[in-house]
Amino acid sequence: RALENPHLHPFALKRVVFSTNPISFRGFGTYAAAATMCKMTHTEFAGAAVADAGCRMLARYLATNVALRVVDLAWNKPAITADGIWVMVDALSSNRSVEHLYLNDNRLLDSGAKALAKILKVNTGLKEINISGNSIGPKGIIPLCKVLGKRQIRFELWLHGNNYIRDQQARESVAALETTNPHVFVHQ
């Protein structure tokens with residue numbers, strides 16, 4: 001409601017932190033609309049209750065937002081799943097302003113990593129993605145490594161605590177990415 005207050009100058013807002021705030025997806029939808037209007041650069045919802053429904057709301061505004069640089073949706077409860085990422089594929093594929101996407105400690109699984117690979121095929125604006133702790137296995141990591149292997153700009157990928165580590169082929173894909181592409185930095 002504060003964002004709708006006529007006494008506040010909405011264009012002055014650059015960073016809003018709702019971390020650990022139990023904001024619902026409806027409140028998040030209102031916020032996402034205001035973030036576009038305010039030319040906000042940072043949105044932090046780590047530990048909030050955004051979930052997949054909030055990702056749908058965010059997707060509506062990401063496609064046209066040209067100011068947002070950081071989107072932090074880490075450790076949401078309920079967790080964001082692959083469904084939440086898939087609804088943002090088109091918006092994040094066309095958005096060139098978002099540079100840092102934090103999705104760590106959610107429940108993306110292999111399908112969510114495949115969605116991110118699809119985004120990274122066309123989006124050259126993203127410089128960092130944190131998908132640590134998402135139970136991502138080899139079926140998600142290998143396609144992601146293939147896309148990042150062709151990346152010609154600096155990129156950081158955070159992978160701590162994912163299931164791919166148990167698979168030899170997935171570990172080899174990550175190792176090959178680290179040794180063959182000097183633009184990509186993998187944190188595992």
Side-chain angles (χ1 to χ4, degrees), residues 1-5 8 10 12-63 65 67-89 91-92 95 97-116 119-120 123 125-137 140-141 144 155-165 185-188:
R1 291 192 178 133
L3 292 172
E4 298 167 356
N5 186 333
L8 293 176
L13 291 173
K14 295 294 178 199
R15 180 178 186 167
V16 173
V17 178
F18 283 104
S19 295
T20 67
N21 184 315
I23 189 169
S24 71
F25 72 89
R26 285 182 187 89
F28 185 72
T30 302
Y31 163 78
T36 301
M37 178 185 76
C38 296
K39 306 275 191 262
M40 201 152 320
T41 60
H42 290 70
T43 179
E44 297 178 30
F45 284 91
V50 173
D52 293 341
C55 290
R56 281 185 206 83
M57 300 287 187
L58 181 60
R60 292 181 188 163
Y61 302 101
L62 275 176
N65 188 305
L68 197 58
R69 300 282 181 259
V70 177
V71 176
D72 186 348
L73 299 171
W75 46 282
N76 266 257
K77 302 295 179 228
I80 294 170
T81 69
D83 292 342
I85 302 306
W86 278 106
V87 299
M88 294 195 305
V89 164
L92 281 170
N95 180 298
S97 68
V98 174
E99 297 174 348
H100 308 276
L101 181 60
Y102 303 116
L103 296 164
N104 46 300
D105 301 305
N106 280 290
R107 188 119 176 93
L108 301 184
L109 306 173
D110 289 335
S111 181
K114 289 178 184 176
L116 291 171
I119 292 165
L120 289 169
N123 184 319
L126 277 166
K127 296 178 181 175
E128 177 184 25
I129 292 181
N130 187 335
I131 52 173
S132 299
N134 272 286
S135 299
I136 298 170
I141 290 296
L144 198 54
F155 188 83
E156 289 192 57
L157 179 65
W158 298 82
L159 293 176
H160 305 283
N162 281 297
N163 298 338
Y164 79 91
I165 202 74
F185 301 89
V186 180
H187 305 274
Q188 46 176 339

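In what follows, residues are counted from 1 in the order of the sequence shown. Scope of the values below: all heavy atoms of this structure, side chains included, with no hydrogens, waters or symmetry mates.
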Self-check item: Contact check, side chains of I80 and I85, non-hydrogen atoms, under 4.5 Å
Solution: yes
Quiz item: What heavy-atom pair brings I136 and A113 nearest, and what distance separates the two atoms?
Solution: CG2-CB, 3.8 Å
Exercise. Determine yes or no for a side-chain-to-main-chain donor-acceptor pair under 3.5 angstrom, with D72 supplying the side chain and A74 the backbone.
Key: yes
Quiz item: Any side-chain heavy-atom pair from L68 and T43 closer than 4.5 angstrom?
Solution: yes
Quiz item: CG of D110 to CD1 of I141: how many Å apart, nearest 0.5 Å?
Solution: 8.0 Å
Exercise. Can you measure from CG (N76) to CG (N106) and round to the nearest 0.5 angstrom?
Key: 5.5 Å
Exercise. Any chance you could measure I119, atom CD1, to W86, atom CH2, to the nearest 0.5 Å?
Key: 8.0 Å
Quiz prompt | H100: partners by ring-ring contact (aromatic ring centres under 6.0 Å, His included), with sequence neighbours left out | solution = none
Quiz item: Where do G84 and C55 come nearest, in terms of heavy atoms and distance?
Solution: O-CB, 3.3 Å
Quiz prompt | Set of side chain to side chain contact (heavy atoms under 4.5 Å, CB included) partners for N130, sequence neighbours left out | solution = Y102, N104, S132, W158
Self-check item: Atom pair CG (L73) and CG (L101), whose distance is rounded to the nearest 0.5 Å
Solution: 7.0 Å
Quiz prompt | Which atom of D105 lies closest to which atom of K77, heavy atoms considered | solution = O-NZ, 4.1 Å
Self-check item: Atom pair CG (D83) and CE (M88), whose distance is rounded to the nearest 0.5 Å
Solution: 11.5 Å
Quiz prompt | Atom of A91, atom of A63 and distance for their closest heavy-atom approach | solution = CB-N, 3.8 Å
Self-check item: side chain to side chain contact (heavy atoms under 4.5 Å, CB included), paired with L126, selected from L120, N95, L116
Solution: L120
Quiz item: Would you call V71 and L58 a side-chain contact if the rule is heavy atoms closer than 4.5 Å?
Solution: yes
Self-check item: Between CG on residue L108 and OG1 on residue T81, distance to nearest 0.5 Å
Solution: 8.0 Å
Exercise. Identify the two heavy atoms, one from N134 and one from R107, that lie closest to each other, and give their separation to 0.1 Å.
Key: OD1-N, 3.2 Å
Quiz item: Should we say atom NZ of K127 is surrounded by more than 12 heavy atoms from elsewhere, each under 6.0 Å from it?
Solution: no
